[in-house]
Structure formats: structure tokens, C-alpha cells
Amino acid sequence: MANIAKIFASRAQGVLQAAARQPQVATRFSSSSTNNWEYIKTEVAGESKNVAVITLNRPKALNALCNGLMKELSTALQQFGKDQSISAIVLTGSEKAFAAGADIKEMVGNTYSQCIQGNFLNDWTEVARTQKPIIAAVNGYALGGGCELAMMCDIIYAGDKAKFGQPEIALGTIPGAGGTQRLTRVVGKTKAMEMCLTGNMIGAQEAEKLGLASKVVPADQLLGEAVKLGEKIGTHSNLIVQLCKEAVNTAYETTLQEGLKFERRTFHATFSTADRKEGMTAFAEKRPAKFTNE
């Protein structure tokens with residue numbers, strides 16, 4: 001608990017230094033970078049310029065997730081979702097913190113009726129609704145809403161010093177954006193209970209062991225590795241990638257029999273696409289496939 005208190009105190013009192021260095025990756029600014037972002041940064045990375053990178057940018061608040069940040073994040077995701085040149089999206093923060101939670105100062109005065117009538121936290125759902133694959137590149141603290149935000153993404157890469165946790169219990173409340181639901185489905189009931197009822201954090205290596213993170217890399221290599229993953233995904237048909245993502249999410253959210261039926265029908269549906277025909281033809285002809293996303 002002392003660690004949790006220290007984190008929240010540092011958020012309120014500390015003035016962080018500039019975010020630690022990130023690995024050099026080939027980037028160019030996308031069209032969405034012309035927006036006057038206040039809480040995020042956006043760019044396009046990778047040799048093929050097909051991986052969008054969204055960086056949470058509230059360093060003095062450990063990237064606490066305020067309403068303004070979440071609205072900007074939703075807008076950026078919608079823009080990149082419509083950009084046909086983008087195959088995957090990387091969501092990251094600083095080396096100090098991915099996001100140390102929701103902005104407590106914004107919600108401290110909320111009442112039950114306000115939360116119900118305002119559908120509080122509904123704006124956070126754009127991450128989970130985005131059709132293109134999203135890779136969370138998590139360095140430092142991913143706590144409370146930050147952990148929930150990472151779990152809304154499709155793949156989590158963690159820096160070796162990353163910390164995950166749901167400390168809401170120490171604030172007299174519970175997780176409200178998936179912490180009791182997604183976490184339980186990933187790490188199991190007893191570990192989720194332990195994390196949610198104590199507020200204890202887990203490190204990157206344990207997160208990988210539990211299946212919360214798919215890979216752990218040195219902190220200064222994290223963004224580069226996440227971009228490489230996005231580039232690998234981008235070598236395939238964007239259309240088929242999105243169908244595959246939907247099938248995996250169906251497995252996550254339904255029964256085995258319902259999931260198997262959905263998978264089979266989606267598999268059948270790929271035979272109506274030009275990319276399925278091109279992929280199989282290219283394999284038979286021993287040449288690289290040229291996908292058109294049709």
C-alpha cells in the first residue's frame with residue numbers, strides 16, 4: 001500500500017523530467033498530426049510508413065487519463081482507423097509511465113447520479129472498438145485506468161521495468177473500465193482478486209508469465225519492437241487482419257461452440273475476397289503476395 005500511496009502522491013506533487021529517450025525509428029508525421037493536440041502526440045513510423053504511433057503526453061501527471069486526453073485519443077483512433085495507409089497502431093506513453101491511472105482530480109466531485117446520467121467512462125470505449133490492431137507499448141506504470149487502457153488493446157509489449165496494477169481499492173472505489181472483467185479473463189480469478197482487492201502491482205516478467213503481456217523487452221527498445229510488430233502485421237492483408245482480430249475477440253467474449261461457428265463462417269467468408277485468392281495463388285506460385293485489401 002505504501003507503494004501505491006507514493007505513486008499517487010508523486011502524481012499530485014512531482015514535476016517529472018522530460019520523458020526518457022525512445023529508440024530511433026523511421027517516422028513521418030501523419031495528416032492527423034496537424035491537429036493541435038494538447039494531451040497526445042501522433043506520428044507514423046516504420047519503413048513502409050504504415051504504423052501509427054500515438055503517445056500519451058501528460059508527463060507532469062504521469063499521463064493520468066483526463067477527459068481531454070481520452071477525447072483526443074478517440075479522435076486520433078478514428079482518424080487512423082479511416083486512413084487506408086495505416087495497418088496497425090501503437091499506443092505508448094513515456095519511459096516513466098504508460099498511464100498511472102485516471103485523473104482523480106477530475107472525478108473526486110462526481111456523484112452517483114452524475115455518473116449514471118452522464119454515462120461516465122463511456123468515452124473510453126473507442127480503443128476497444130477500433131477495428132485495426134492496437135499494440136500497447138507499456139513502459140513504467142500502467143495502473144488503474146492505465147492498466148485498463150492497455151488491456152483494451154490487442155497486444156501488450158512491456159518494457160522490463162513496467163508495473164501493472166489496479167489500485168482503485170485504495171481510493172475507496174473499484175475499477176470501472178474493465179479492470180475486474182478483462183483482467184480476470186486474462187490472469188484468472190484468484191490473481192485478479194488479489195490484484196484488485198489489495199492494489200498490489202505486478203512487474204513485467206510476471207505479467208508476461210500470466211499472459212497479460214506477450215513480450216518483455218528492454219525499456220529503451222520497447223517502441224522500436226512494437227513498431228516492428230506493427231510492420232509485420234502490415235505485411236498482410238489489412239482486410240483479413242481485421243477479420244482475424246474479430247475472430248480472436250469473439251473467442252475472448254463467447255463460448256467455445258459459438259466461437260468455433262463464428263470462426264468457421266469467417267473463414268468461409270475469406271473465400272469471397274481477392275486477397276484470399278491472391279495469398280493462396282502466390283503461395284502456389286512461390287512468390288510474395290500482393291494484397292489489395294479487397
Side-chain angles (χ1 to χ4, degrees), residues 44-54 74 76-91 122 124-137 148-157 177-178 181-188 208 210-215 225-294:
V44 175
E47 294 183 3
S48 299
K49 310 301 182 190
N50 63 343
V51 179
V53 178
I54 302 174
S74 293
L77 288 171
Q78 290 167 7
Q79 291 180 358
F80 284 129
K82 296 174 183 177
D83 188 337
Q84 296 301 311
S85 69
I86 297 300
S87 299
I89 301 167
V90 173
L91 179 61
N122 184 60
W124 289 38
T125 58
E126 188 63 37
V127 179
R129 288 201 306 261
T130 300
Q131 289 182 287
K132 293 180 179 179
I134 304 179
I135 304 156
E148 291 169 315
L149 180 62
M151 289 191 291
M152 291 179 199
C153 299
D154 302 302
I155 300 169
I156 298 177
Y157 270 18
Q181 303 301 302
R182 290 188 175 94
L183 186 64
T184 302
R185 285 165 169 78
V186 174
V187 306
E208 182 184 28
L210 292 168
L212 181 59
S214 63
K215 187 175 184 178
E225 289 298 311
V227 170
K228 287 180 183 178
L229 177 62
E231 288 185 285
K232 174 62 176 180
I233 292 170
T235 64
H236 306 301
S237 163
N238 291 349
L239 170 63
I240 304 303
V241 164
Q242 291 180 33
L243 291 175
C244 191
K245 170 179 172 172
E246 187 176 4
V248 174
N249 280 333
T250 299
Y252 180 74
E253 296 168 356
T254 63
T255 66
L256 175 60
Q257 289 304 312
E258 290 172 334
L260 288 171
K261 182 177 181 180
F262 183 88
E263 177 191 71
R264 190 179 309 115
R265 288 293 180 256
T266 303
F267 167 70
H268 293 162
T270 65
F271 282 78
S272 67
T273 69
D275 281 349
R276 192 282 315 165
K277 184 177 181 179
E278 166 62 12
M280 291 188 175
T281 300
F283 178 83
E285 296 177 353
K286 299 181 180 180
R287 62 172 176 81
K290 297 179 180 179
F291 296 119
T292 59
N293 303 321
E294 296 177 349

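As the structure is a prediction and not an experimental result, all values here were calculated from the model.
Between G211 and V186, the shortest heavy-atom distance links the atoms O-CG1, 3.5 Å. Taking every heavy atom of both residues into account, V127 and M152 meet most closely at CG1-CB, 3.6 Å. When all heavy atoms of I135 and G230 are compared, the closest pair comes out as CD1-N, 3.6 Å. Minimum heavy-atom separation, K49 to I86: O-CD1, 4.4 Å. Considering all non-hydrogen atoms of both residues, A137 and V90 come closest at CB-CG1, 4.1 Å. Scanning both residues, M280 and F271, for their nearest heavy atoms gives CE-CZ, 3.9 Å.
Heavy atoms of other residues, nucleotides or ligands lying less than 6.0 angstrom from CD of Q242 number more than 12. At most 12 heavy atoms of other shown residues, nucleotides or ligands fall within 6.0 angstrom of atom CZ in F283.
The shortest distance between side-chain heavy atoms of I89 and I54 falls below 4.5 Å.
Note that the CD atom of E148 and the CE atom of M151 stand 6.0 Å from one another [nearest 0.5 Å]. Taking CG from N249 and CZ from F262, the interatomic distance works out to 9.0 Å, rounded to the nearest 0.5 Å. To the nearest 0.5 Å, atom OG1 of residue T254 and atom CD of residue E263 are 10.5 Å apart. Put simply, OH on Y157 and CG on L229 are 4.0 Å apart, with the number rounded to the nearest 0.5 Å. To the nearest 0.5 Å, atom CG of residue L91 and atom CD1 of residue I155 are 13.0 Å apart. A distance of 10.0 Å separates CD in Q131 from CG in L239, rounded to the nearest 0.5 Å.
A donor and an acceptor atom, one from each side chain of S48 and N50, are nowhere located under 3.5 Å apart.
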The test is side-chain contact (heavy atoms from CB on, under 4.5 Å); show your working for V44 and F80 and say whether it passes.
CA-CA 10 Å; V44 175; F80 284 129; 4.3 Å; yes
Would K245 and V248 count as a side-chain contact (heavy atoms from CB on, under 4.5 Å) if you check the C-alpha gap in whole Å, the side-chain angles of each, and the deciding distance to 0.1 Å?
CA-CA 5 Å; K245 170 179 172 172; V248 174; 6.0 Å; no
Hey, mind stepping through E258 and T250 against side-chain contact (heavy atoms from CB on, under 4.5 Å) and telling me if it holds?
CA-CA 8 Å; E258 290 172 334; T250 299; 5.9 Å; no
Residues D83, S85; criterion side chain to side chain donor-acceptor pair (under 3.5 Å); working and verdict
CA-CA 5 Å; D83 188 337; S85 69; 2.6 Å; yes
Kindly determine whether N238 and S87 satisfy side chain to side chain donor-acceptor pair (under 3.5 Å), including the steps that lead there.
CA-CA 6 Å; N238 291 349; S87 299; 3.1 Å; yes
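The salt bridge (Lys or Arg N to Asp or Glu O under 4.0 Å) pairs that include a residue from residues 280-294 are E278-R287, E285-R287, where partners are two or more places apart or lie in different chains.
Classification of E231 and K228 as a salt-bridged pair fails, no side-chain N sitting under 4.0 Å from a carboxylate O. Salt bridge annotation for K215-E225: present, with a cationic side-chain nitrogen under 4.0 angstrom from a carboxylate oxygen.
Side-chain atoms of D275 come within 3.5 Å of backbone atoms of N293 as a donor-acceptor pair (strictly under, hydrogens ignored). Between the T130 side chain and the E126 main chain, a donor and an acceptor come within less than 3.5 Å of each other.
Qualifying side chain to side chain contact (heavy atoms under 4.5 Å, CB included) partners for T235, counting only residues two or more places apart in sequence or in other chains: K232.
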